[in-house]
Colleague: 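Starting off with a structure, shown below.
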Amino acid sequence: MSKGSNVALAALSENVGSVIVSLGWGSSTGEGDADVSVLLLDVNGKVRSDTDFYFYNNPVAADGSVQLLGKTPTEDGNEDRISFDLTAVSADVDRIVVAASRYDGARFGELEDVRLSLADGAGDDLLRFAINDVDSVSAIIFGELYRRGQEWKFRAVGQGYDTGLAGLATDFGVDIDDDATAVEAQAGASGDQADMTGPAASADEPISQGSLGVVPSPRRPEDGDEPQKPAARPRTAKKKVTLPKAVKKTLAENESWRVARLFPVSALKSDRDREMRATSVLLSVMAQVPEFGRRLTAGFGAPAGRMETYTEVTLPHGDTPRRPDGVIRVERAGKLWTALVETKTNGNALKPDQVQAYMDIAARRGYEAVITLSNDVALEGSPLVDVKIDGRRKHKVALRHLSWAEVAHQAQMLIRHEGVSSGAHAWLLQELLHYLQHENSGCHGFQNMGPAWVPVRNGIDDETLCQGDTRALEVVESWERLIRQVCLGLGGELGQKVLPVQRAKRGTDPAARRSGLADQLCLDGLLQAELRIEGTPGVLAVTADLRTGKLRTSIEISAPEQGYPLSWAKRLVRTLAEAPADLHIETLVEGGTGGPRGTLERLRPEPADLLPKDSSTHITGFRLSLFKGMGSGRGNAESGFIRSVDEAVHRFYAGVVVHLDRVTPRRAPTKEKTATG
């Protein structure tokens with residue numbers, strides 16, 4: 001068809017009670033996309049109510065007359081399909097407008113082969129309309145279905161708009177509400193109502209009608225009716241789908257029934273099986289969930305573009321071909337970014353000669369990076385694997401490392417807090433997270449303090465550990481890895497940044513700082529770390545005393561700028577009403593000398609016991625601490641040191657820190673650096 005022409009559907013087919021309209025486009029970069037929308041108009045050319053506007057936040061009509069079916073991949077791009085049941089369209093609907101829009105400032109001129117096709121109920125193509133001259137527009141009316149007497153006709157429109165989806169909808173009488181507060185509230189509601197038990201919708205449909213964000217306009221109240229609240233207006237801002245906070249009631253007969261999983265782990269028998277399965281599972285989800293793939297590769301220099309992933313690829317290397325565990329390729333603007341992937345699971349260490357071979361292959365073939373993935377956690381300024389870089393090569397290859405704990409953290413952040421573009425993507429990430437956290441996957445993160453742990457503990461007990469002992473340095477490095485992993489786990493649960501803090505007084509050189517901490521460990525038997533949790537007052541300090549076998553978690557809060565000390569003490573005790581009774585509270589006074597202290601259980605009836613006897617003593621703040629016995633084993637078992645540290649931090653946050661949002665202390669200035677490497 002040509003622009004402006006029209007045709008009666010009955011003249012094309014006898015089966016036009018229902019039709020499918022497909023909007024399509026292609027892109028040479030593989031990145032171009034647009035969103036479809038439908039508007040039902042009355043004889044005045046306006047929507048009857050805001051519910052006559054169907055788009056990604058409102059994809060299905062209650063009467064079944066309109067249903068956005070989502071995208072279908074084609075050889076040169078995507079086709080977005082819409083199903084119309086013309087027999088169900090209300091009699092007061094005169095026209096049905098079919099449109100599409102781009103977002104974030106993109107224009108249709110960046111796409112190729114912009115087109116519309118229409119098929120009858122049997123799936124036979126009836127017509128096709130190619131749209132040209134769309135360089136500067138961000139929205140297009142592709143065509144419209146309209147009534148003439150008792151029959152339906154189609155008109156090829158091809159009209160462009162510069163104002164995007166919101167402008168197009170507004171022109172037809174839709175009342176758009178895209179203020180930030182409303183959008184955030186709507187996104188939060190959708191997360192609570194989404195059903196994540198399986199891929200209940202296509203990759204471009206919200207999971208449930210309950211999260212559409214478009215509420216039917218209220219009927220006109222009759223006499224005696226209760227007044228109704230005004231209807232919510234449509235928001236063209238895309239909603240993000242997150243996992244529901246409450247788990248849905250199971251339909252299983254008993255607890256022995258296990259939910260079917262996309263990525264089963266019960267058949268994994270060997271380390272090689274675990275490596276192959278984990279690599280394939282991860283890379284496939286990265287390719288299918290753009291937000292997740294981008295999150296894991298952006299820090300390695302990968303562009304935002306179309307991602308494809310491969311496993312068990314054979315590459316030539318001298319007389320013996322090499323088979324990296326995986327390959328990631330990202331295309332943008334006709335250029336390729338490529339990374340080789342080497343994976344280890346179940347605590348197995350990376351092999352330097354293997355990684356070196358992949359670095360050589362990548363340099364020779366012009367690839368950008370080699371990514372290693374294992375349970376170990378990389379330290380700032382200290383690579384896991386030492387490889388030789390050939391300085392004569394002009395093409396430089398980056399060596400990057402990911403821990404399985406970081407992979408799980410990023411998945412958790414997306415599906416529980418930040419959201420992804422569709423329910424199907426959230427479900428895929430949930431299945432990935434379940435796989436990674438299963439005891440048989442081998443992807444459990446850092447879980448061994450190393451062979452130096454027991455000798456160092458024994459050396460501290462019998463006072464034979466000397467400064468300069470390399471084993472002390474190994475323990476300090478393991479401690480730092482553990483703290484980084486604890487930050488990832490807590491941050492994933494909270495949806496907030498949790499990062500280790502490095503005090504400026506300890507120096508900026510990572511190796512020198514660790515060496516100083518190792519010497520300190522030999523002297524006082526202490527392992528110490530500090531965590532900065534976004535949105536909380538003070539810094540969470542963790543201390544492992546290897547002499548006494550105790551863990552101390554604590555936080556210092558500054559005294560308020562106004563009020564009386566007794567009021568501060570009463571308010572603090574009242575704020576911590578639900579905290580553990582064995583919480584230690586210590587008053588901090590000017591000059592650094594110890595102030596009054598006691599357990600919360602003892603202080604509840606007498607908060608005044610927190611005040612110094614000398615009323616002239618200046619109170620600077622309070623220190624809150626919990627103590628627990630630490631595990632002795634070097635591993636991650638129930639009685640292991642790693643498990644005890646993780647549990648201590650989580651208990652302190654859940655039992656103490658969460659209550660401090662009602663305290664607004666004056667934070668004392670400190671020089672510190674938050675570790676990001």
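This is a predicted model, so every value here is computed, not measured.
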Colleague: What verdict does the side-chain contact (heavy atoms from CB on, under 4.5 Å) test give for Tyr435 and Arg261, after you've listed the backbone C-alpha separation in whole Å, the side-chain angles of each residue and the deciding distance to 0.1 Å?
Modeller: CA-CA 9 Å; Tyr435 176 88; Arg261 292 293 178 182; over 6 Å; no

Colleague: When rounded to the nearest 0.5 angstrom, what distance separates CZ in Arg329 from OG1 in Thr309?
Modeller: 12.5 Å

Colleague: Where is the tightest heavy-atom contact between Ala648 and Leu551, given as atom of each residue plus distance?
Modeller: CB-CD1, 4.2 Å

Colleague: Output all residues satisfying salt bridge (charged side-chain N to carboxylate O under 4.0 Å, His left out) with Asp469, sequence neighbours left out; order by chain, then residue number.
Modeller: Arg471

Colleague: On a heavy-atom basis, which atom in Thr345 and which in Asp271 lie closest, and how many Å separate them?
Modeller: OG1-O, 3.9 Å

Colleague: The criterion is side-chain hydrogen bond (donor to acceptor under 3.5 Å, both in side chains); which residues satisfy it with Arg294, sequence neighbours excluded?
Modeller: none

Colleague: When you look at Asp35 and Leu165, which way does the side-chain contact (heavy atoms from CB on, under 4.5 Å) test go after all the steps?
Modeller: CA-CA 9 Å; Asp35 296 305; Leu165 176 60; 5.8 Å; no

Colleague: So, Arg102 side chain and Arg107 main chain: donor-acceptor pair closer than 3.5 Å or not?
Modeller: yes

Colleague: If you take all heavy atoms of Val397 and Tyr367, which pair is closest and at what distance?
Modeller: CG2-O, 3.6 Å

Colleague: The criterion is side-chain hydrogen bond (donor to acceptor under 3.5 Å, both in side chains); which residues satisfy it with Glu406, sequence neighbours excluded?
Modeller: none

Colleague: Give me the ring orientation class for Phe641 and Trp479: parallel if the planes are under 30° apart, tilted from 30 to 60°, perpendicular past 60°.
Modeller: tilted

Colleague: Please report the C-alpha distance between Tyr653 and Glu493 in whole Å, then the side-chain angles of each, then the deciding distance to 0.1 Å, and finally whether the side-chain contact (heavy atoms from CB on, under 4.5 Å) criterion is met.
Modeller: CA-CA 11 Å; Tyr653 181 86; Glu493 292 179 17; over 6 Å; no

Colleague: Walk me through whether Arg457 and Met449 qualify under side-chain contact (heavy atoms from CB on, under 4.5 Å).
Modeller: CA-CA 12 Å; Arg457 285 204 64 185; Met449 290 295 290; over 6 Å; no

Colleague: Measure the spacing between OG of Ser515 and CG of Leu473 and express it to the nearest 0.5 Å.
Modeller: 6.5 Å

